[in-house]
Protein chains: 2
Amino acid sequence: MPPISASDRVHLELIKTACSNCNLRELCLPLGLKKEELAKFDDLVSTRKRIMRGDHLYHTDQSFDSIYAVRSGFFKTCVLDEAGREQVTGLHMTGELLGLDGISTETHSCNAVALVDSEVCTIPFSHLEDLSREIHTLQKHFHKVMSREIIRDHGVMLLLGTMRAEERLAAFLLNLSQRFTARGYSPAEFNLRMTRVEIGSYLGLKLETVSRAFSHFQESGLIEVQHKHIRILDIPGLKKLMVHQQPHNVRKSCRRGFL
Amino acid sequence: MPPISASDRVHLELIKTACSNCNLRELCLPLGLKKEELAKFDDLVSTRKRIMRGDHLYHTDQSFDSIYAVRSGFFKTCVLDEAGREQVTGLHMTGELLGLDGISTETHSCNAVALVDSEVCTIPFSHLEDLSREIHTLQKHFHKVMSREIIRDHGVMLLLGTMRAEERLAAFLLNLSQRFTARGYSPAEFNLRMTRVEIGSYLGLKLETVSRAFSHFQESGLIEVQHKHIRILDIPGLKKLMVHQQPHNVRKSCRRGFL
DNA sequence: CGCGCTGTTGAAACTTGTCAAAGTTTGTGG
DNA sequence: CCACAAACTTTGACAAGTTTCAACAGCGCG
């Protein structure tokens, strides 16, 4: 929690808060807006917020009024059950939207935690609804974003429901790789921002299993692991793992992509 | 596939298609609409469709233009991976919306299959978007429905990621019970519309495991099973299973509900 | 009436989880 | 800037849970 200097910084950065000159425009909510529409959108997204590593952007049961776009950094969202078991439901990087879970009950139903020092743009939801009644494109795009989240969730269900440990980790790495690529980073080399426990929680595995799978991938020459730093050496090899590794239930037609 | 009589039936039923006198109004999309708004909504939802048991309402890769409200019957949605493994992503009963997955890419990303003879109301999506720009309440409610779907998905992830077989089945039965109750049916007694394979696919288990869990619940006096007919004898007992059955990782605070 | 589909049950195999110990990294405070 | 503690990771051995394989029972349909 930065105490005094924070407000200074916020002032400084308000200048850049305008979506119209944000380099994430193409990944983020204002995608496809015309110049004058974008100007209206700029008014909507007026505040930016800094979240320090380990801090919550919001908690379960906290009242909902805004969604957030990740401006920089990395977040996890997770739910807890009655027994205190945690399930990581998503890992969110720049340009992605957080908080959609809160719309339904006007109360957040998961926790959003920064995995590194991060910044988010706050989008007051009722304003977004107002504006999306005006701007066709915005309405459409927002619906698509929500729908995309549902599709992503289905991919995770497929992963959790049908894949074995190493397939899950392969799918996870390929998915990260693809998302880093979309953001202009290397597809093959990146730093994990989360711990083995968190990866395990996302993939429905224990940390030891995750660790063993990493080690095994390394032995197989598929990747190089050094703690949180990953270099993927053989993308096709990882992909093959996902299709071939299962024992013997090859049926029917083949369809959807992973994750 | 009903060949000739179908069109007759459709005619007959068009009379009742109006949402304004549909008894599912309170569960379905037009929830909360005023009288005159409801009239507009009636125009939107003009066609109803019959889907016979085992038939698809839509397929993966089919182009998207409408969402559907289940008027009667029971559906599953499922995704297939490259290897042909199926994951059931949802089981949908009356009043629930199908097809939200298609909004994102304007192509469906899962299969929707009727588990019994069913009827759906077709809601052309672009019309829905038009109307929800006019009718505030509709816009808000639609967003809530999508958000609720995301929350449901998180619950399934929690189930798949953290629960053991019997906990999953207990959660599943309690969830069904609750949804039947919301529709005015008995909380304790119902017929499963899906096979053990489908239950297993939804819960990330093999059919044998599902079968064994059913048998075990019966031995424990928690339920009575006769093929697809289920009678729940001990709801609190099932709930206890979900919290107590895990070995020994009780930590932290407790929060979210199941499924 | 029998064939196929669905469901049940048992035994063995396999995958992942659990427990434990030791090694590594990171962050903090001196 | 180093040292130490805490957090994280790796690895092994063993246990537990789930899947696999197989055989059989029940129901429904032609």
Side-chain angles (χ1 to χ4, degrees), chain A residues 52-55 76 83 85-88 113 115-117 159-170 172 191-219 223-230 241 245-251, chain B residues 52-54 76 83 85-87 115-117 159-170 191-219 223-230 241 245-251:
Chain A
M52 292 298 149
R53 175 184 181 183
D55 286 349
K76 70 169 177 181
R85 289 175 294 190
E86 178 179 287
Q87 172 69 31
V88 171
V113 182
L115 297 179
V116 298
D117 294 355
L159 178 142
L160 293 172
T162 71
M163 295 184 187
R164 35 193 62 232
E166 296 197 351
E167 292 180 87
R168 294 183 198 189
L169 190 66
F172 173 71
N191 283 299
L192 298 172
R193 266 68 174 231
M194 68 300 288
T195 66
R196 300 288 189 264
V197 175
E198 285 160 340
I199 296 172
S201 170
Y202 187 51
L203 301 179
L205 303 168
K206 293 293 162 184
L207 77 157
E208 292 95 333
T209 307
V210 174
S211 180
R212 276 186 250 273
F214 270 129
S215 301
H216 187 225
F217 283 178
Q218 180 153 246
E219 285 162 29
I223 64 173
E224 265 174 41
V225 196
Q226 277 181 63
H227 318 289
K228 306 227 156 156
H229 185 263
I230 303 288
L241 252 189
Q245 215 199 34
Q246 43 172 338
H248 57 79
N249 23 330
V250 186
R251 321 159 205 145
Chain B
M52 292 299 149
R53 177 184 176 183
K76 72 169 177 181
R85 288 174 296 190
E86 179 179 288
Q87 173 69 32
L115 297 179
V116 297
D117 293 355
L159 178 142
L160 292 172
T162 71
M163 295 185 187
R164 34 195 62 230
E166 296 198 351
E167 293 180 86
R168 294 184 197 189
L169 190 66
N191 282 299
L192 299 171
R193 267 67 176 232
M194 67 301 286
T195 66
R196 300 288 190 266
V197 175
E198 286 160 339
I199 296 172
S201 171
Y202 187 51
L203 301 179
L205 302 168
K206 293 295 162 186
L207 76 156
E208 294 94 331
T209 309
V210 174
S211 180
R212 276 186 249 272
F214 270 128
S215 301
H216 187 224
F217 283 179
Q218 181 153 244
E219 285 162 31
I223 63 174
E224 265 173 40
V225 197
Q226 278 180 61
H227 316 289
K228 305 226 158 159
H229 186 263
I230 302 289
L241 254 188
Q245 214 200 36
Q246 43 170 337
H248 57 79
N249 21 330
V250 185
R251 322 158 205 148

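Just so it is clear: chains get the letters A, B, ... in the order the sequence lines come, proteins before strands, and each one is counted from 1. Please read all numbers here as calculations on a predicted model, not as lab measurements.
Residue A/E208 places its side chain closer to C/dC19 than to any other of C/dC19, C/dT9, D/dG26.
When heavy atoms are screened at a 4.0 angstrom cut-off, A/G200 is found touching no nucleic acid atom at all. In this structure, A/T195 reaches the sugar-phosphate backbone alone: every heavy-atom distance under 4.0 Å involves primed, P, OP1 or OP2 atoms, never a base. Heavy atoms of B/R168 sit nowhere under 4.0 angstrom from any nucleic acid atom. Contacts of B/S215 with the nucleic acid, taken as non-hydrogen atoms under 4.0 Å apart, involve only primed sugar atoms and P, OP1 or OP2.
Checking the phosphate oxygens (OP1, OP2) of D/dG17, a side-chain nitrogen or oxygen of B/R164 falls inside 4.0 Å. Distances shown here put every side-chain N or O of A/R53 at or beyond 4.0 Å from the OP1 or OP2 atom of C/dT26. B/H227 has no side-chain polar atom (N or O) that falls below the 4.0 Å cut-off from OP1 or OP2 of D/dG26.
Here A/R212 does not pair with A/E219 in a salt bridge; the nearest charged N to carboxylate O distance is not below 4.0 Å.
For B/R85 (side chain) and A/T162 (main-chain N/O), a donor-acceptor pair under 3.5 Å exists by modelled atom type. Proximity of a side-chain donor or acceptor of B/R168 to a complementary backbone N or O of B/L160 within less than 3.5 Å is detected.
Each of A/R212 and B/T209 was assigned the nucleotide of DNA chain C with the nearest heavy atom; the assignment lying further toward the 5' end belongs to B/T209.
When B/I199, B/T195, B/V197 are each tested for a side chain to side chain contact (heavy atoms under 4.5 Å, CB included) with B/L207, only one passes: B/V197.
Between the P atom of C/dG7 and the CG atom of B/N191 lies a distance of 13 Å, rounded to the nearest Å.
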